[in-house]
Amino acid sequence: MRASQYLISTQKEPPAEAEVISHQLMLRAGMIRKLASGLYSWLPLGLRVFRNVERIVREEMDASGALELSMPVVQPAELWEESQRWGQFGQELLRIRDRHEREFCLGPTHEEVITDIVRNDIRSYRQLPINFYQIQTKFRDERRPRFGVMRTREFCMKDAYSFHLDETSLQTTYERMYRTYSNIFTRCGLDYRAVIADTGSIGGSHSHEFHVLAESGEDAIVFSDQSDYAANIEKAEALAPEKSSHPDCEAMSEVPTPGVKTIDHVCKTFDIGPEQCIKTLIVSATNGNGDAQLYALIVRGDHQLNEVKAQHALQLDSEISMASEEQIHRAFNCTPGSLGPVGLAMPLVVDHSAASLNAFVCGANRDDYHLRSVNWQRDCPTYIQADIRNVVAGDPSPDGCGQLTIKRGIEVGHIFQLGTKYSEIMKARVLDENGVEQVMHMGCYGIGVSRVVAAAIEQNNDDKGIIWPEALAPFQIALIPVNLHKSVNVKQTAETIYAQLTSAGYDVLFMDESKARLGSMLADVELIGIPHRLVIGERGLNDGNIEYRHRRASENQSIPLDQLIAHLQRQVNA
RNA sequence: CGGGGCGUAGCGCAGCCUGGUAGCGCACCACACUGGGGGUGUGGUGGUCGCAGGUUCAAAUCCUGCCGUCCCGACCA
């Protein structure tokens, strides 16, 4: 590609709105432009990278035996009512009406549509297992789009759905997808980890997420330092401490604590550590009748509530949210910072580590007072004990091997064993070899194609710009002539090399604008992140050389002209 | 959803407090010089100052409402 016939739209300064490095660099390099919150256009340069990811995904999916198809973005409400997700999915589902006032949504995912196809077209176990995929635009009306294309409302996803006669077959395909995903992210040149995950709103039993490790990641993932155990913190189990009894301690007493509302302040007042007090969190969830119901959750002062675990412990389908100060005041006539479990008339779930405390401090459900020497058995005997906290670094690994460490990750892929969640309710059945009708088992498998692009940049950049992994680069080689307009020799050589490289199959960006200055061309090529660059100037040509430099290198290499192609072959395939 | 910030040329910003000719840097166009790491000079192009209403002789500036956008929070208990 000749730069003179392309759009290189680089900027020196990042737009003020860009927070994370990948967002800044994508804007500065001229890969994307924002249309509105969470909606981005891909400029030609960005689209080249996007297509590279897409190509790798498609090749690996095809190689796995999956079949590509394409389903509509706009989906009728009836299908979602049938799966009961029209009500469940919440505000992320963008609902629209057509001219006949019929309701539709923009598809955030396609379980309903694929299940509808399969239940009509697949009747026999002989047609199973089968795995369909598409690479397509999704829409989720995120409450807070951010970080450029990392979390947008409209985004591109590869979604796949497999169908099986039984669980064993599902397990086999699930494992194949696990390997396929590993191949895809390896080919993309990413440092990633597969971790055990929660199934969230998609549902199902077993699930793994694929995370690209990066400081800016929105997820916390935990690893054992002695085994393969890795999980999303949402899912990582905090083991219950060894059974501890609650020997009677000195009598509980109420202590005046004017103005004390935070754990920090409680600790100073009583001269104790945060692990010796508890915090009482009030959450609200919508019950079956659509009413908001309050629940009390207790974790140790130094621990954090895990909302996903709490939701499971409360056996709720809908998401929980923290109660507002106002709700709390109405229910308990005190501020949130003065809450405690003693005497609370509502369902109470206590985390294992909080339940093993004895003689602890907590709020008195009365402003400006706290309770000390509280004993569970004696003072507050009725509660459910469960794991509802986030693990912390140093906790024992749930598999019994080693201790946990915590890192940040960007979720780029997610695979689920759905089981019969959708096929059951939508009556997707086949006849088995005995002529008996069986509900199909399903798996589903997603990759955030646009997010992979951003994640790759988060992991590969320096102060000059992007450093593309070989397989994702918009161009493999940048060809930079020095003083193109002045030197006939430079011009002829550059044209010759450009023709040679192009016919050898390389993607070359030829900086052929005659009066462009060397410095700005180098800066652009580095910002854009092209892995290999060639500089052709009189200086080198006088000795029969041109200069090669890898984007990660700090020195040029002089390459004799007649060895150029061979040299590049070694470098590009390295 | 709650709180806060911002909205002036493609990008980054100043001007607003104290109303009176709309500015700066980058980018862009022309010419000249320069020519191996974003060069210099001269001259230019480009803005209904987010939108609507109000106050005023006069509004980017003051007032009201709306919209957009970004950040923070929603784990403080």
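Lettering follows sequence order; numbering is per chain, from 1.
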d(CE, A:Met521; P, B:G39) in whole Å
12 Å
When you match A:Ala516 and A:Pro145 each to their closest nucleotide on RNA chain B, which lands nearer the 5' end?
A:Ala516
Under 3.5 Å, is there an N or O donor on one side and an acceptor on the other linking the side chain of A:Glu13 and the base of B:G10?
no
Nearest listed nucleotide, side chain of A:Gln11, among B:A74, B:U69, B:C11
B:C11
In terms of side-chain heavy atoms of A:Arg144, which of B:G35, B:G36, B:G73 is nearest?
B:G73
Nearest-angstrom distance, P atom, B:G41 to B:A27:
12 Å
By the Watson-Crick or G-U definition, both distances under 3.5 Å, B:G7 is matched with B:C67
Would you say a side-chain N or O of A:Ser37 is under 4.0 Å from OP1 or OP2 of B:C70?
yes
Can you find a heavy atom in the side chain of A:Met31 that is under 4.5 Å from one in the side chain of A:Tyr40?
no
If you check every side-chain atom of A:Ala16, which of B:G37, B:G12, B:G38 has the closest atom?
B:G12
Any N/O donor-acceptor pair, A:Asp524 side-chain to B:G38 base, under 3.5 Å
yes
Of the candidate nucleotides B:A74, B:G35, B:C13, which contains the atom at the shortest distance from the side chain of A:Lys486?
B:G35
Same-atom distance (C1') from B:U48 to B:G7, integer angstrom
16 Å
Is A:Arg533 touching bases, backbone alone, or none of the nucleic acid, heavy atoms closer than 4.0 Å?
base
In whole Å, measure the gap between the P atoms of B:G12 and B:C71 for me.
14 Å
Per A:Leu522 side chain, nearest of listed nucleotides B:G37, B:C72, B:C26:
B:G37
Please report the distance separating the P of B:G38 from the corresponding atom of B:C28, rounded so that it comes out in whole Å.
15 Å
Identify whether any heavy atom of A:Gly363 sits under 4.0 Å from a base atom; if not, whether one sits that close to sugar-phosphate; answer base, sugar-phosphate or nothing.
nothing
If only atom types and distance count, is the side chain of A:Lys261 paired as donor or acceptor with the main-chain N or O of A:Pro336 below 3.5 Å?
no
Calculate the interatomic distance between A:Leu35 atom CG and B:G10 atom P; express it in whole Å.
16 Å
Euclidean distance for P, B:A9 against B:G47 (whole angstrom):
10 Å
Is it the case that the base of B:G12 and the side chain of A:Arg28 share a donor-acceptor contact (distance under 3.5 Å, atom types as modelled)?
no
If you measure from the C1' atom in B:A58 to the same atom in B:U40, how many Å do you get, rounded?
43 Å
In the structure I gave you, are the side-chain heavy atoms of A:Val525 and A:Phe475 within less than 4.5 Å of one another anywhere?
no
Counter-base of B:G43, judged by Watson-Crick or G-U geometry with both distances under 3.5 Å:
B:C29
Does B:C70 have its OP1 or OP2 closer than 4.0 Å to a side-chain nitrogen or oxygen of A:Lys34?
yes
For A:Gln304, which contact category applies under a 4.0 Å heavy-atom criterion: base, sugar-phosphate, or nothing?
base
What does A:Glu526 touch in the nucleic acid at a heavy-atom separation under 4.0 angstrom: a base, only the sugar-phosphate, or nothing?
base
Assess the side chains of A:Asn489 and A:Ser487: does a donor N or O sit below 3.5 Å from an acceptor N or O?
no
Length of the line joining A:Ile282:CD1 and B:A74:C1', which is rounded to integer Å:
16 Å
Between atom CD1 in A:Ile480 and atom C1' in B:G37, what is the gap in whole Å?
10 Å
Contact class for A:Gly540 (heavy atom, under 4.0 Å): base, sugar-phosphate, or nothing?
base
Could you tell me whether A:His303 contacts a base, only the sugar-phosphate backbone, or nothing, with contacts defined as non-hydrogen atoms closer than 4.0 Å?
nothing
C1' atom, B:U8 versus B:A22: distance in rounded Å?
8 Å
Which of B:G38, B:G35, B:G36 is nearest the side chain of A:Ser520? It is B:G38
Pair assignment for B:C17, Watson-Crick or G-U wobble, requiring both distances under 3.5 Å
none
Work out how far the C1' atom of B:U34 is from that of B:U42, and round it to whole angstrom.
15 Å
Scanning all shown strands, the Watson-Crick or wobble mate of B:G38 with both distances under 3.5 Å is none
Can you tell me whether the side chain of A:Arg517 and the base of B:G38 have a donor-acceptor pair closer than 3.5 Å?
no
A:Ile328 CD1 - B:A74 C1' separation (whole Å):
12 Å
Please classify the nucleic acid contact of A:Arg549 as base, sugar-phosphate, or nothing, using heavy-atom distances under 4.0 Å.
base
Taking the inter-plane angle between the rings of A:His532 and A:His550 on a 0 to 90° scale, is it parallel (under 30°), tilted (30 to 60°) or perpendicular (over 60°)?
perpendicular
In whole Å, what is the span from the CD atom of A:Glu555 to the P atom of B:G37?
14 Å
Using the rule side-chain contact (heavy atoms from CB on, under 4.5 Å), only one of A:Ile384, A:Leu297, A:Ile388 pairs with A:Leu314; which is it?
A:Leu297
Integer-rounded Å distance: B:C28 P and A:Glu513 CD:
10 Å
Scan every strand shown for a Watson-Crick or G-U wobble partner of B:G73, both distances under 3.5 Å, and answer none if you come up empty.
B:C1
Considering every strand shown, what is the Watson-Crick or G-U wobble mate of B:C24 when both distances are under 3.5 Å?
B:G12
So, does A:Arg300 use its side chain to make a donor-acceptor pair with the main chain of A:Cys277 at under 3.5 Å?
no
If you assign A:Pro14 and A:Thr335 each to the RNA chain B nucleotide with the nearest heavy atom, which residue ends up on the more 5' nucleotide?
A:Pro14
To the closest 0.5 Å, what do you measure between CG (A:Leu339) and CD1 (A:Ile328)?
5.5 Å
As a test of understanding, state which of A:Leu518, A:Asp512, A:Leu509 forms a side-chain contact (heavy atoms from CB on, under 4.5 Å) with A:Ile480.
A:Leu518
Return the value, rounded to whole Å, for the distance between atom CZ of A:Phe147 and atom P of B:C72.
6 Å
